[in-house]
Structures are given as structure tokens and as C-alpha cells.
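First listed ligand is number 1; within each ligand, the first listed atom is number 1. The first residue of the sequence shown is numbered 1, and numbering continues consecutively from there.
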Amino acid sequence: MTEHRSKDSFTSNFGMVAAAVGSAIGLGNLWRFPYLVGQNGGAAFIIVYLALTALISIPILLAESVIGRRGGGAPAEAYRKVTGRKGWGTAGILGMITCLMIMSFYVVVGGWTIKYMMLSCMWQFHRGAVIDSAAMFGAFTSGSISPIVYSITFIFLTIVIIMLGVQKGIERTSKLMMPMLFVLIILIGIRSITLPGAKAGIEYLFRPDFSSFTFDSLLAALGQSFFSLSLGACMMITYGAYTPRSSNLTRSAAIISVSDTFFALIAGCAIMPAVFAFGVNPSQGAGLVFVTLPQIFTQMPLGGVCSVLFFFALFLAAVSSAVSLFEVITSSLMSITGKKRTTSAAIVALILTVTGSVCSLSQGVLSGVTVAGLNIFDQLDYVSSNFLMTTGGLLTVICVGWIMGKDAFTDEITAGGTIRVSKNLASALFFVIKYIAPVVIATTAILIIV
Ligand code: PHE
């Protein structure tokens, strides 16, 4: 197979893993995972989540990186090259559209994280401060100018990293941000677990309660695994194209998934014990992070410091995920138009300024504009995570399992026989990609629709 790699690639396997972990760890880990665990039977959900991630998600992640590294180039190009069929380029275009949709609301939340990081640095959430966090959040997010300015700032910070390129931008910042993120969340976790009354939060997270685990919980576990590992959005296809031929894709897929899951578990331990120690409602979604936690910080010893650490962590998690979404769109645009990285990134930033602003306004003046009962922001979130990512995942496994075939798959994961991967493991992974994953994804998609 000829190499179609661009010159600007990751310098090492660690660089690729750091960037992919950066993509995976995001808002999905920090607020979605903890409350889903709570709503769906605590440890029962965690066990099923772990099983699904190991059985289904890791092979899909691997399949994406196989397409990316073997095909090289942007997702559409990679799909076309590995299949030898032009029509498959559509799968890559779909990935670009998915990322554009996710990014449109992600930049809005990214802007909120900057605002809250600033508020916490201005010592607004110190112990003893009197705030009405719900009113504060509502007034800010429903405004017209201020949240848009923050989301444009967020776009600007992301675009700087993208313009610096794969090596100097994405790889370097990920290598710096990821260890920082782990340290921050562990520090907050220690503070949270040592609060009086924290035990109830740990129990809520880790006591298996199979009676609250329903069939919907199963769907939620799979959906969360997809979203959290950034599957079905061509992220790993894009990063795979920048991965050195010598790196072990199977091991990397496992490391990325384990890191993401481990981070989600620590995030749960950082948030839930504090929530329980102060007796507030744990299952609030986005409000948990921007409304409940600020209120808790004002009551907790070292609350001010914790608020700074927490919102900084949330910001890092949001930026590193946004970088990957931005890169999928930028590399696709570079390949479609033939324009340079800086020009393409600037065009993407302009598009996102418009779509992000509309999303932001849908929390305020445009909140009356709804599609099927959901405002624009929620609709984009719903459609991209429930339909587009699953369709993307399905196309990935069909491409590898049914079009590329086992020989090409094995050749790629062993880098032409130079990397040792046991025959049984390779066969098992391929079996999951070819038969199990498509059936599971298709069944889930149908069940979500019905
Ligand atoms: N995985 C990210 C999160 O947990 C979201 C994401 C999805 C990022 C798809 C890139 C692509 O927040």
C-alpha cells in the first residue's frame, strides 16, 4: 500500500494517543457520565458500560484508525482509497457534517466554560459567597451578545491550535493538556471524597442496583460509549492518517478507551460525593456543572480554589475535544478545496461563528424556534449523537468488515507483519467488526427510532 501521508504528522505513537485521548475526554465525561450512572443503576450501568466499551467500542475505534492510516488523507479520501470506490467518499463527508453539527453547540458550551473559568478566577464562587447560580447561568446563557463573544473566543483559541498544525499544534498541546487534566481531576476528586457526608455519593456511583437498570439504560450505555470515545465522527480516521506506520494501532485503541473510561470514573468520584455531601439533586445534566457545582463551591472549604481548578479542567477538556472536531472539518475542507491549512481553518472558523451564534441565540431570543419540540441547540445534539454518529460507526465497520476484508485489516494492524498481534486476537476483533458491531448498532438505531 502506498503511503499518502501528509508531511505534518504525529511524531510518535504517544503523540497520537495523547491527541485521541484529548478528543475522547470532554464534556461527555465530566457531566454526562456521572448523571447517567446515577440514573441507570449505579454500578450496574458501569459494568454494562465497561463491557460494551471493551466488546464493541474498542474494535470500532480500531476500525476507524485502520481506515485512516491505510487510506491517509482526509476521511473522504481515506474511505475512497481503502475501498477503491468513489461513492464511499460520502461516508467521509457525512463525518465532516457530523463534526460541524457537534461543533456548533460545543463552541457555545466551550464559551460558557471560559466565562465560568473567569468568574471563578474573579473569586465569585469562594466559600461564603452569596450567589443565585441558577439565575446567574440563565441570565448569561440567554443573553444575545455576551455568550456569542465567549464562544467566538473559544473558536479563536481552537483555531490557533489548528493553524499551528498537527505536530506543533495538536500534538504539542495535547501532550501538555492531558496530564494536566488528569492531575486537576484527581485533586478535585481528593477534595470531594474527603468531605463529610461524601460516602453517599460514592455509594450512589458504585452500588449496583439492577432494579433501576432498564432496556433504555442499555441504549444509554452504548450511546454514551460512542459519544465519549468520539466514535462515528471520523475523528480516528483523521488522526489515523497522521499516525506513524510503526505504531501499534490495537494497543493504542485500548489505551485511548481505558484512559477515557478511567477519566469518566474519576470525574464521577470528583462530582458525586460533593453533590451528596451538600444534599442536592444529582441528575441535572448540564445544569449539574454550571448551576449545582458553583452553589456547592460557595459552601465548601477550599471551594474557591476548587472552582478555579474545576472550570480550568472543564475548559481543557472542551478545547481538546473541539480541536479534534475542528481538525476533521479542516482536513476535509483542505482536501476538497485544495486550499492551505490556514485558509481552510479560517473558513471553518467563519462558518462556526455563524452556526455557533445561532445555537447560542437558541438559548435566548431564538428559543421559540423549535424542531419537533427541541430548540436548535438540543436538536443538533440529539440528531448528531443519536443518528449521525451511529450511522458513521455503521459505515466504518461495514467498510472494514465487508469491503476491506480480513487480510487488509490484519496487514494494517500488524503493519505488514512487523508488529506482533496474536492471531486469535486479530480474528476476534475482525469478527466483532464484521458481524457483532453492525448488528448491535443497527438494532440500537432502530430501537431509538421506535
Ligand atoms: N468525546 C467528546 C466528549 O466526550 C465529544 C466528541 C464527539 C468529540 C465526537 C469529537 C468527536 O465530549
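- Atom 2 (C) of ligand 1 has as its closest protein heavy atom Ser23 O, 3.4 Å.
- Shortest contact from atom 6 (C) of ligand 1 to any protein heavy atom: Ser230 OG, 3.6 Å.
- In this structure, atom 1 (N) of ligand 1 lies nearest to the protein heavy atom Phe227 O, 2.8 Å.
- Ring planes of Phe125 and Phe297: tilted class, angle from 30 to 60°.
- Taking only nitrogen or oxygen atoms, main chain and side chain alike, Ile102 does not reach within less than 3.5 Å of ligand 1.
- Between Tyr79 and Trp88, the ring planes are parallel. Angles under 30° get that label, and only those over 60° would be called perpendicular.
- Considering only non-hydrogen protein atoms, atom 12 (O) of ligand 1 sits nearest to Tyr106 OH, 2.6 Å.
- Checked against a 3.5 angstrom limit, the closest N/O atoms of Ser324 and ligand 1 fall outside it.
- By the 3.5 Å distance cut-off applied to N or O atoms, Ser321 is not counted among the residues near ligand 1.
- In this view, Asp209 and Ser211, Ser212 satisfy the side chain to side chain donor-acceptor pair (under 3.5 Å) rule, not counting sequence neighbours.
- Between Glu412 and Arg245, at least one side-chain N (NZ, or NE/NH1/NH2) sits under 4.0 Å from a carboxylate O, which counts as a salt bridge.
- Counting the atoms of ligand 1 from 1 in the order shown, those under 4.0 Å from a heavy atom of Gly28 are 3 (C), 4 (O), 12 (O).
- Below 30°, between 30° and 60°, or above 60°: for Phe315 and Phe312 the angle between ring planes is below 30°, a parallel geometry.
- Residue Met389 places no N or O, backbone or side chain, under 3.5 Å from any N or O of ligand 1.
- For atom 4 (O) of ligand 1, the nearest protein heavy atom (residue, atom name, distance) is Ala24 O, 3.0 Å.
- Those atoms of ligand 1 that come under 4.0 Å of a heavy atom in Asn29, given as number and element, are 4 (O).
- The aromatic rings of Phe409 and Phe430 are tilted relative to each other, their planes meeting at an angle between 30° and 60°.
- With hydrogens and angles left out, the side-chain atoms of Ser225 and Ser57 include a donor and acceptor closer than 3.5 Å.
- Any N or O atom pair closer than 3.5 Å counts here, and Leu27 shares at least one such pair with ligand 1.
- Under the 30°/60° scheme for interplanar angles, the aromatic rings of Tyr116 and Phe311 are found to be tilted.
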